[in-house]
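Quick caveat, the model's predicted, so the values are computed rather than measured. By convention here, the first residue in the shown sequence is residue 1. Note: hydrogens, waters and symmetry copies are ignored here, and every other heavy atom, side chains too, is used.
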Amino acid sequence: SWSAWSDLFMIHVLNEVTVDAHCQNIFEINSEGNNDTAWTHIRLNMFPDGGIARLRVYGEADVNWDDFVEGELIDLAYIKNGAKALLVSDMFFSDKNNLIMPGRGKDMGDGWETKRRRDPGPDWSIVKLAAQGNIEKVIVDTCHFKGNFPDTFTIEGMVTNSDDFTNAKQEDKWQPIIARTKLYAHREHLFINEIIPASTEQFTHLRLNIYPDGGISRLRAFGKKR
């Protein structure tokens, strides 16, 4: 049978372990040499039976860059290409990862939305790009955000080997990619000529700043991988 045949190719990522009731059970995977293996499917087995509310599996995206043709513009801020949402100023209404998810948001909850600010300065989101590269085209999508879209935004970038941006670390490395620009409700905003750096400049991280606060559905940053 298919089940018996497929078992020949199954590798235990996590051996049988005990779980507790009504709580998050978190397990670190240490698969004796398999940590660098990329998986396409997993199977959850439960003994003997019962109920599981959610399964979450965390890891690194394994991208085959040979799938892209030479010179192709790649969305370097796309989660399926390996980008990561690292840190945001606020996640009151929705998760930071929504900003780099596939497609357009299905509703406001499927975007990144912050609460109203009562202090100076913008809200912001820092994204680690899928690979170091230049930025030639940017899309900022306010899909579904009509009365609560940000008034304006900026985008900054830097090259760094560190993902630690806590307590304003590496603040002096940010450089402008798009200057402060007006946004509108429920719209995909395309920016090409507004991009400040030359096409030869490279970046590893982006920061989207929204003034003063509000909701963005998606951020796309297209460029060529180094």
Side-chain angles (χ1 to χ4, degrees), residues 1-68 74-115 123 125-131 141 143-145 161-166 204-206 208 215-221 225:
S1 69
W2 164 253
S3 176
W5 180 85
S6 63
D7 283 344
L8 297 175
F9 298 91
M10 290 288 181
I11 295 176
H12 283 98
V13 176
L14 179 67
N15 291 322
E16 185 175 341
V17 290
T18 300
V19 296
D20 296 321
H22 191 56
C23 68
Q24 286 186 321
N25 295 271
I26 300 174
F27 305 100
E28 181 179 1
I29 303 301
N30 184 9
S31 303
E32 298 183 1
N34 291 320
N35 285 344
D36 293 330
T37 302
W39 309 103
T40 61
H41 297 72
I42 63 167
R43 182 170 69 182
L44 171 65
N45 302 298
M46 57 183 186
F47 307 91
D49 46 45
I52 294 174
R54 296 290 187 273
L55 171 67
R56 301 282 188 255
V57 179
Y58 299 92
E60 302 285 339
D62 183 48
V63 180
N64 184 359
W65 295 110
D66 292 335
D67 291 341
F68 299 92
I74 302 169
D75 184 359
L76 299 175
Y78 185 32
I79 196 168
K80 290 182 71 173
N81 288 339
K84 297 179 183 178
L86 295 180
L87 191 67
V88 293
S89 58
D90 181 83
M91 288 193 295
F92 187 80
F93 290 110
S94 50
D95 190 83
K96 64 184 184 298
N97 291 289
N98 291 348
L99 195 64
I100 57 176
M101 286 292 182
R104 301 188 76 190
K106 64 183 179 180
D107 51 35
M108 288 189 296
D110 196 31
W112 169 57
E113 184 182 8
T114 68
K115 64 180 178 293
D123 277 318
S125 176
I126 297 175
V127 174
K128 181 178 182 179
L129 298 178
D141 190 0
C143 184
H144 300 295
F145 293 100
N161 293 322
S162 172
D163 292 340
D164 186 1
F165 294 93
T166 58
T204 58
H205 295 70
L206 298 184
L208 169 67
I216 300 286
S217 179
R218 298 290 187 266
L219 171 67
R220 306 294 186 211
K225 177 179 174 290

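- Applying the ring-ring contact (aromatic ring centres under 6.0 Å, His included) rule to F165 yields the partners W174, H205; only residues at least two apart in sequence or on another chain are considered.
- Considering only residues two or more places apart in sequence or on other chains, D95 meets the salt bridge (Lys or Arg N to Asp or Glu O under 4.0 Å) condition with none of them.
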Indicate every side-chain donor-acceptor pair of residues 49-62 with a distance under 3.5 Å to a residue at least two apart or in another chain.
| unit_1 | atom_1 | unit_2 | atom_2 | d |
| --- | --- | --- | --- | --- |
| E60 | OE1 | K84 | NZ | 2.9 |
| E60 | OE2 | K84 | NZ | 2.8 |

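- Inter-residue side-chain proximity for K80 and P102 is flagged as met; some heavy-atom pair is nearer than 4.5 Å.
- Put simply, OG on S125 and CD1 on I100 are 8.0 Å apart, with the number rounded to the nearest 0.5 Å.
- With hydrogens and angles disregarded, no donor-acceptor distance shorter than 3.5 Å links the side chain of S94 to the backbone of G109.
- If you take CG on L219 and CG on N98, they are separated by 13.0 Å, rounding to the nearest 0.5 Å.
- In this structure, R220 contributes its side chain and A77 its backbone to no donor-acceptor pair below 3.5 Å.
- Taking NZ of K115 as the reference point, atom OG of S89 lies at 8.0 Å (rounded to 0.5 Å).
- Checking side-chain atoms of T114 against main-chain N and O of D90 turns up no donor-acceptor pair under 3.5 Å.
- In this structure D164 satisfies the side chain to side chain donor-acceptor pair (under 3.5 Å) test together with T166, K169, sequence neighbours excluded.
- Within the structure, side chain to side chain donor-acceptor pair (under 3.5 Å) pairs that include any residue of residues 13-27 do not occur (at least two apart or interchain).
- Judged as a side chain to side chain donor-acceptor pair (under 3.5 Å), and not counting sequence neighbours, N81 has no contacts.
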